[in-house]
Peer 1: 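Have a look at this one before I ask anything.
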Amino acid sequence: MAQISLTFPDGNAREYAAGVTPAEVAADISTSLAKKAISATVNGAHWDMQWPIDADASVAIHTMKDDAQALELIRHDCAHIMARAVQEIWPDVKVTIGPVIKDGWYYDFDREEPFTPEDLGAIEKKMKEIINRRDAVTTETWDRDRAVKFYEANNEPYKVELIEAIPGNEPIRMYWHGHWQDLCRGPHLQHTGQVPADAFKLMNVAGAYWRGDSDRQMLQRIYGVAFKNKEDLKKHLHMLEEAAKRDHRKLGREMDLFHMQEEAPGQIFWHPNGWRVFTTLQDYMRRKQNAGGYVEVNTPQVVDRKLWEASGHWEKYQENMFIVEVDEEHAREKAINALKPMNCPCHVEIFKQGLKSYRDLPLRMAEFGSCNRYEPSGALHGIMRVRGFTQDDAHIFCTEDQIESETKEFIAFLSAVYKDLGFETFKVKFSDRPETRAGSDEVWDRAEAALLAATRAAGIEPELNPGEGAFYGPKLEFVLTDAIGRDWQCGTHQVDFVLPERLDANYIGEDGAKHRPVMLHRALLGSFERFIGILIEEHAGKFPFWLAPRQVVVASIISDADPFVHEVVAELKAAGVLAEADVRNEKINYKVREHSVGKVPVILAIGQKEVEERTVTVRRLGEKQTSVVTLDAIVEELGQAAKAPDLA
RNA sequence: GCUGCUGUAGCUCAGAGGUAGAGCACUCCCUUGGUAAGGGAGAGGUCGAGAGUUCGAUUCUCUCCAGCAGCACCA
């Protein structure tokens with residue numbers, strides 16, 4: 001047997017026979033390490049304690065102290081233990097896949113009966129039993145045919161399909177947790193007792209399509225979370241409770257921002273408070289856009305199907321469009337129209353009015369475009385995913401050479417705006433060609449290359465989102481997260497070689513000939529609705545002062561102070577502050593509580609003393625202590641704070 | 001759209017085969033109180049919609065609508 005040399009993190013090396021396992025290495029080092037070890041890293045790969053090492057390698061043995069590896073293994077073993085528990089309780093249930101995800105894992109099962117919340121309790125109990133059995137985890141690499149036959153014999157058709165999908169050069173790894181068996185790429189813990197029995201929890205059950213394909217069988221997915229100890233689990237559950245308090249749907253009601261109702265699913269009734277946020281944000285965006293060299297336009301809501309046919313939407317997007325058919329009796333001629341789901345075709349129509357010269361490019365055409373899309377009912381979510389929304393949309397008509405500079409400028413623009421709105425960091429995803437698409441592969445090659453090059457030139461290496469591009473072009477997505485960590489695409493930047501072609505847009509080049517412009521679809525906020533939803537959750541309802549729908553309440557302590565309260569309110573209003581008086585017959589405690597709950601950033605209290613001294617007592621949201629300031633000083637300060645960041 | 005769950009007062013929620021309850025909010029009265037709920041009284045509901053079973057349904061069954069979680073979708 002050949003000798004190999006293993007190098008440890010401290011730089012020391014030892015010789016072993018080829019094929020030695022980390023378990024043997026750990027035992028060689030010390031019996032306590034052998035017991036505590038959970039896995040190893042071998043040449044950078046996460047390695048099961050039982051996998052042989054065949055050549056010289058760097059090796060690190062992990063224990064529960066190594067968070068990354070420990071959590072991955074705990075969660076992965078939890079997935080197996082849960083699947084085993086389910087099959088011990090209901091032997092007929094078929095198992096499929098069970099990966100580790102953020103904070104935990106899930107496992108998909110095929111079972112006729114739905115799992116109930118009581119079932120989850122029973123499964124948890126069984127899991128604890130299995131953990132306490134401390135069954136050894138063992139693994140073997142099998143021949144493909146043998147594995148297929150094994151699963152066919154065991155009536156596990158999903159596993160057969162999974163094996164068939166594993167590339168030919170990859171090993172088929174079989175794992176056993178005691179007698180229970182699963183196909184798995186590993187690694188795993190050494191025995192089930194290494195999973196903390198009090199640090200996991202099954203969270204919920206939901207349907208999920210087999211292999212993510214909506215044409216296939218719907219399975220039942222059970223989600224769980226797992227941590228290294230009980231305290232971490234408790235912290236996680238507490239964090240979820242706190243996040244629920246930031247839910248924009250809850251805060252939207254509490255702060256009287258908007259409501260939604262059955263008669264208009266997926267559409268928003270903006271209340272005065274919410275609309276104030278909307279218009280303040282819109283005014284800000286308009287100023288930023290004007291400063292950024294955009295021209296603003298506005299286009300029709302209801303547009304004849306002919307334009308949608310020409311643009312390709314009728315073919316590719318019709319099921320998401322609200323179709324408007326006018327009854328023949330009431331119309332001179334029967335026409336089929338659609339509510340616009342996007343602004344792009346209309347913008348091309350504006351571009352096409354009159355001859356355009358290369359001197360006009362890049363032409364940045366913006367619209368606060370009100371769009372309607374018939375989104376699937378299950379996709380609707382508060383004000384984040386709706387059927388009627390307003391985009392901060394623009395289309396940049398430019399030459400292929402200008403893509404890079406326009407993209408860079410856009411990314412800088414977006415970063416500045418996000419920063420003003422309280423987002424220092426955000427994810428950038430690059431989505432390439434989807435299966436259903438318009439345009440030739442050659443055009444897609446160019447569009448993808450151009451966008452990627454421009455993004456990298458702007459100093460960003462985006463995360464790849466394969467196959468997620470729009471039907472007409474690849475896109476960059478600027479992603480923000482909500483209170484419980486769900487991703488939402490907000491900003492977007494897309495290259496489109498297709499639409500100008502389809503709608504026959506052109507400009508006269510330097511050479512006097514007609515040329516096709518490239519179109520860049522871009523939005524910073526994405527939609528005002530979604531972005532405001534994110535803003536609410538990000539700030540937990542405590543908007544930056546300039547964006548807050550209610551900025552100051554001036555509250556009287558005694559009714560003799562009322563005249564001065566009204567004077568203060570008038571002065572604040574004159575300084576551009578949203579101020580309101582609260583002279584109700586209530587105690588100051590009551591008023592402070594109510595306006596604190598209502599997330600009003602500043603409460604000014606006025607009693608006998610303030611009237612005499614022409615001062616106010618300032619209490620800021622989230623702070624307990626108060627300060628006394630002169631009327632002039634507070635008007636000056638809040639007048640300044642009420643200005644949008646681009647005006648301050 | 002799919003799977004599961006939910007729908008009772010403005011909000012949060014309780015309840016039962018015999019046509020409904022609490023707290024907060026609201027209205028009125030008393031209280032002028034110094035920084036997160038002062039006291040009292042009152043008003044408020046086609047129990048999501050429709051059909052069925054029943055002597056009787058808000059409660060049981062079915063269909064539909066909407067919401068929630070996840071999946072699929074997402075220009």
Side-chain angles (χ1 to χ4, degrees), chain A residues 106 108 113-117 203-223 247 249-250 253-254 256 259-266 311-313 316-317 319-320 341-345 369 371 373-382 384-386 391 393 395 431 434 438 468-475 477 484 486 488-489 492-494 496 498-499 521-523 526-527 530 555-562 583 585-598 603-610 617-619 621-626:
Chain A
Y106 67 76
D108 288 347
E113 293 279 294
F115 289 110
T116 64
M203 302 299 284
N204 55 325
V205 197
Y209 297 109
W210 169 234
R211 314 212 92 192
D213 184 344
S214 58
D215 291 331
R216 305 197 65 177
Q217 173 94 13
M218 179 153 278
L219 307 168
Q220 295 190 63
R221 175 172 297 179
I222 302 178
Y223 285 90
D247 190 312
R249 294 164 296 191
K250 183 176 153 72
R253 201 182 315 110
E254 288 172 0
D256 197 16
H259 86 272
M260 304 177 87
Q261 64 187 48
E262 262 191 53
E263 290 79 359
S311 69
H313 288 82
K316 305 275 188 211
Y317 202 69
E319 63 180 24
N320 284 291
M342 280 167 237
N343 310 298
C344 27
C371 296
R373 297 181 189 169
Y374 190 78
E375 299 285 7
S377 57
L380 302 179
H381 181 87
M384 309 263 229
R385 182 84 182 266
V386 287
Q391 296 179 311
D393 198 12
H395 295 94
S431 298
E468 293 296 315
F471 78 76
Y472 53 71
K475 63 177 177 178
E477 294 175 27
I484 64 167
R486 289 178 288 215
W488 294 93
Q489 181 200 317
T492 180
H493 184 88
Q494 314 177 13
D496 184 357
V498 174
L499 197 60
H521 305 244
R522 44 106 293 176
S527 84
R530 175 174 294 180
S556 57
I557 296 170
I558 50 167
S559 51
D560 284 348
D562 293 358
V583 294
N585 176 12
E586 294 294 348
K587 291 193 172 185
I588 193 64
N589 297 320
Y590 184 91
K591 296 181 183 182
V592 165
R593 176 173 195 279
E594 186 174 283
H595 299 125
S596 299
V597 169
I603 299 168
L604 303 180
I606 296 183
Q608 188 62 41
K609 194 169 55 138
E610 288 82 358
T617 297
V618 186
R619 180 180 168 124
L621 186 56
E623 291 177 15
K624 263 219 131 63
Q625 81 281 22
T626 58

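Residue numbers start from 1 in every chain, and the chains themselves are labelled A, B, ... in the order their sequence lines are given, proteins ahead of strands. As the structure is a computational prediction, the values presented were derived from the model and not from experiment.
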Peer 1: In chain order, what residues pass the side chain to side chain donor-acceptor pair (under 3.5 Å) check against A/Asp562, with sequence neighbours excluded?
Peer 2: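 A/Asp562 satisfies side chain to side chain donor-acceptor pair (under 3.5 Å) with A/Ser556 once adjacent residues are dropped.
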Peer 1: If the condition is ring pair (Phe, Tyr, Trp, His ring centres under 6.0 Å), which residues does A/His493 pass it with, not counting sequence neighbours?
Peer 2: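 Partners of A/His493 under the ring pair (Phe, Tyr, Trp, His ring centres under 6.0 Å) test: A/Phe410.
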Peer 1: So, using salt bridge (Lys or Arg N to Asp or Glu O under 4.0 Å) as the criterion, who are the partners of A/Lys250 when residues are at least two apart?
Peer 2: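 Listed in chain order: A/Glu254.
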Peer 1: Under the salt bridge (Lys or Arg N to Asp or Glu O under 4.0 Å) test, which residues partner A/Arg486, sequence neighbours left out?
Peer 2: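 A/Asp482.
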Peer 1: Suppose we call a contact any N or O donor and acceptor under 3.5 Å apart; does that hold for the side chain of A/Arg211 and the base of B/C71?
Peer 2: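 Flag unset: no donor-acceptor pair detected.
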Peer 1: Report, as a single string ordered 5' to 3', how protein heavy atoms within less than 4.0 Å touch nucleotides 63-69 of chain B: B base, S sugar-phosphate only, - not at all.
Peer 2: --SSSSS
Peer 1: If we take the C1' atom in both B/U6 and B/U12, what is their distance in whole Å?
Peer 2: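 Result for the C1' pair: 15 Å, nearest Å.
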Peer 1: Using atom CD of A/Gln220 as one end and atom P of B/G4 as the other, report the distance to the nearest whole Å.
Peer 2: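 For the pair A/Gln220 CD and B/G4 P, the rounded distance is 8 Å.
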Peer 1: Rounded to the nearest Å, what distance is computed from the OH atom of residue A/Tyr106 to the C1' atom of nucleotide B/A72?
Peer 2: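 From A/Tyr106 OH to B/A72 C1': 13 Å.
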Peer 1: Tell me, please, which residues at least two apart from A/Asp393 pass salt bridge (Lys or Arg N to Asp or Glu O under 4.0 Å).
Peer 2: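 Scan of A/Asp393 (salt bridge (Lys or Arg N to Asp or Glu O under 4.0 Å), adjacent residues dropped) gives none.
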Peer 1: Ring-plane angle category for A/His521 and A/His395, please: parallel below 30°, perpendicular beyond 60°, tilted otherwise.
Peer 2: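 Correct class here is perpendicular.
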Peer 1: To the nearest angstrom, how far is A/Tyr223 atom OH from B/G4 atom C1'?
Peer 2: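 After rounding, the reported distance stands at 13 Å.
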Peer 1: Who are the salt bridge (Lys or Arg N to Asp or Glu O under 4.0 Å) partners of A/Arg373, not counting sequence neighbours?
Peer 2: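 A/Arg373 satisfies salt bridge (Lys or Arg N to Asp or Glu O under 4.0 Å) with no residue once adjacent residues are dropped.
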Peer 1: Would you please name every residue forming a ring pair (Phe, Tyr, Trp, His ring centres under 6.0 Å) with A/Phe115, sequence neighbours left out?
Peer 2: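 Result, ring pair (Phe, Tyr, Trp, His ring centres under 6.0 Å) vs A/Phe115: A/Trp90, A/Phe109.
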Peer 1: Would you mind building the protein contact string for nucleotides 34-39 of chain B? One character per nucleotide, 5' to 3', B for base within reach (heavy atoms under 4.0 Å), S for sugar-phosphate only, - for untouched.
Peer 2: BBBBS-
Peer 1: Could you measure between the two C1' atoms, the one in B/U46 and the one in B/A72, and give it in whole Å?
Peer 2: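 Each nucleotide's C1' atom is 38 Å from the other's.
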Peer 1: Looking at B/C11, does its base get a donor-acceptor pair with the side chain of A/Arg253 below 3.5 Å?
Peer 2: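 No such pair is found, so the answer is no.
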Peer 1: Has the side chain of A/Tyr209 got a donor or acceptor atom sitting under 3.5 Å from an opposite partner on the base of B/G70?
Peer 2: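 No, no donor-acceptor pair under 3.5 Å.
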Peer 1: Is it true that A/Asp247 and A/Arg249 have a side-chain N and a carboxylate O under 4.0 angstrom from each other?
Peer 2: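 Judged by the 4.0 Å cut-off on N to carboxylate O distance, A/Asp247 and A/Arg249 do form a salt bridge.
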Peer 1: In whole Å, measure the gap between the P atoms of B/A57 and B/U19 for me.
Peer 2: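 Between the two P atoms, the distance is 12 Å.
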